[in-house]
Amino acid sequence: MALAARVIPCLDVADGRVVKGVNFENLRDMGDPVELARHYAEQGADEITFLDVTATVDGRATTHDVVRRTAEEVFVPLTVGGGVRSAEDVARLLGVGADKVGVNSAAIARPELIGEIADRFGAQVLVLSLDVKRSPVAASGFIVTTHGGRTETALDARDWAREAVERGAGELLVNSIDADGTRDGFDLELTALMREVAGVPVIASGGAGRAADFPPAIAAGADAVLAASVFHTGALTVGDVKSALRDAGVIVR
């Protein structure tokens with residue numbers, strides 16, 4: 001039996017508030033993370049992703065008290081990322097209520113971290129977050145960035161995704177920096193590329209603007225679809241997205 005596609009609202013958090021911008025810039029306040037997480041759980045969200053978007057840039061750990069308060073109010077799986085640099089960081093996040101933990105910049109700086117986390121907690125706990133940009137210098141056409149999309153690396157996105165899965169990543173959260181916040185639709189080429197190289201679930205992120213944008217992402221190979229601004233502004237509900245997926249023949253919960 002085919003697995004149901006997941007719909008995942010994303011809470012990008014800075015200084016304890018949910019924020020959203022375009023192409024990861026010009027962030028504006030969108031509300032309280034606990035309140036929004038509760039709202040999305042009531043709408044039928046399959047998971048909530050909580051990303052502290054300034055944790056790595058600021059050189060600090062994810063705000064544990066916000067994670068704890070969110071976990072106390074939300075009874076769907078919670079993925080938390082931002083500022084995770086060690087297996088001990090993962091242990092602390094799991095201890096305050098996270099179900100899965102996202103890692104990005106620290107894994108690029110020290111790829112061994114992926115195996116350390118997977119060996120200690122299991123691959124199912126580890127979500128590798130990839131902030132990806134189009135680039136003519138990469139063989140695949142896509143490079144990986146760090147620090148919330150601010151810093152470009154020399155890593156080809158296809159090669160890094162493949163290596164990360166081999167090292168123990170249990171899931172790939174693939175965010176298109178080019179599409180982020182534009183509401184022009186998901187980067188389907190990027191989604192298909194990740195599906196091609198990854199033997200683990202792929203979450204498509206970046207660019208959702210209409211309910212009709214979500215079924216093509218699943219058709220391109222995503223196992224889950226993630227969005228932020230369309231939910232935060234009320235342009236769409238989780239139910240709207242699930243209805244569009246059902247109408248397209250996609251199995252949802």
Side-chain angles (χ1 to χ4, degrees), residues 4-21 27-106 117-118 120-129 148 169-171 173 175 201 203 205 223-234 236-242 252-253:
R6 291 168 288 147
V7 178
I8 307 174
C10 181
L11 307 179
D12 292 329
V13 177
D15 299 322
R17 299 288 292 178
V18 176
V19 297
K20 191 57 188 168
L27 300 179
R28 62 189 187 279
D29 190 302
M30 302 300 291
D32 176 69
V34 179
E35 182 179 329
L36 285 172
R38 185 192 308 117
H39 178 60
Y40 297 140
E42 291 170 352
Q43 287 185 1
D46 298 299
E47 298 180 14
I48 301 286
T49 291
F50 176 112
L51 298 177
D52 191 325
V53 296
T54 59
T56 297
V57 177
D58 295 345
R60 59 180 170 78
T62 306
T63 311
H64 291 171
D65 64 313
V66 177
V67 176
R68 182 184 295 106
R69 290 190 295 113
T70 303
E72 288 171 351
E73 296 284 345
V74 176
F75 302 102
V76 297
L78 178 64
T79 298
V80 182
V84 176
R85 300 177 182 84
S86 69
E88 287 305 315
D89 289 339
V90 174
R92 283 190 286 271
L93 286 170
L94 296 178
V96 297
D99 297 280
K100 295 186 282 188
V101 174
V103 179
N104 182 353
S105 300
I117 295 171
R120 180 168 170 182
F121 304 103
Q124 77 283 352
V125 164
L126 178 56
V127 179
L128 184 82
S129 181
E171 195 163 21
L173 168 53
N175 187 54
I203 304 168
S205 170
D223 300 274
V225 282
L226 179 147
S229 59
V230 291
F231 293 137
H232 301 338
T233 61
L236 292 174
T237 66
V238 173
D240 293 334
V241 174
K242 289 193 172 185
V252 295
R253 294 186 177 93

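Keep in mind that what you see is a predicted model, and the values were worked out from it rather than measured. Heavy-atom basis, side chains included; hydrogens, waters and symmetry copies ignored. Here, residue 1 is the first one in the sequence, and each next residue gets the next number.
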_Any non-hydrogen side-chain atom of Lys242 less than 4.5 Å from a side-chain atom of Arg253?_
yes
[X] and [Y]: which non-hydrogen atoms are nearest, and at how many Å?
X: Phe231; Y: Val7; value: CZ-CG1, 4.0 Å
X: Ala45; Y: Val76; value: O-CG1, 3.5 Å
X: Pro9; Y: Val238; value: CG-CG2, 3.9 Å
X: Val74; Y: Ala37; value: CG2-CB, 3.3 Å
X: Pro33; Y: Val13; value: CB-CG2, 4.2 Å
X: Val80; Y: Leu93; value: CG1-CD2, 3.9 Å

*asked:* Cys10 and side chain to side chain contact (heavy atoms under 4.5 Å, CB included): which single residue from Asn175, Leu173, Leu51, Ile203 fits?
replied: Leu51
*Using side-chain contact (heavy atoms from CB on, under 4.5 Å) as the criterion, list what pairs up with Val34, not counting sequence neighbours.*
Asp32, Arg38, Arg69, Thr70, Glu73
*Partners of Thr79 by side-chain contact (heavy atoms from CB on, under 4.5 Å), sequence neighbours excluded?*
Glu47, Thr49, Lys100, Val127
When you measure from the side chain of [X] to the backbone N and O of [Y], does any donor-acceptor pair fall under 3.5 Å?
X: Arg85; Y: Gly83; result: yes
X: Tyr40; Y: His232; result: yes
X: Asp46; Y: Ile8; result: no

*asked:* Assess whether a salt bridge exists between Asp65 and Arg68, defined as any Lys/Arg side-chain N lying under 4.0 Å from an Asp/Glu carboxylate O.
replied: no
*Would you please say whether a donor-acceptor pair under 3.5 Å links the side chains of His39 and Gln43?*
yes
_As an exercise, state the distance from CG of Leu36 to CZ of Phe50, rounded to the nearest 0.5 Å._
11.5 Å
*asked:* To the nearest 0.5 Å, what is the distance between CG on Leu126 and CZ on Arg120?
replied: 13.5 Å
_Counterpart residues, salt bridge (charged side-chain N to carboxylate O under 4.0 Å, His left out), relative to Asp223 (two or more places apart)_ = Arg195
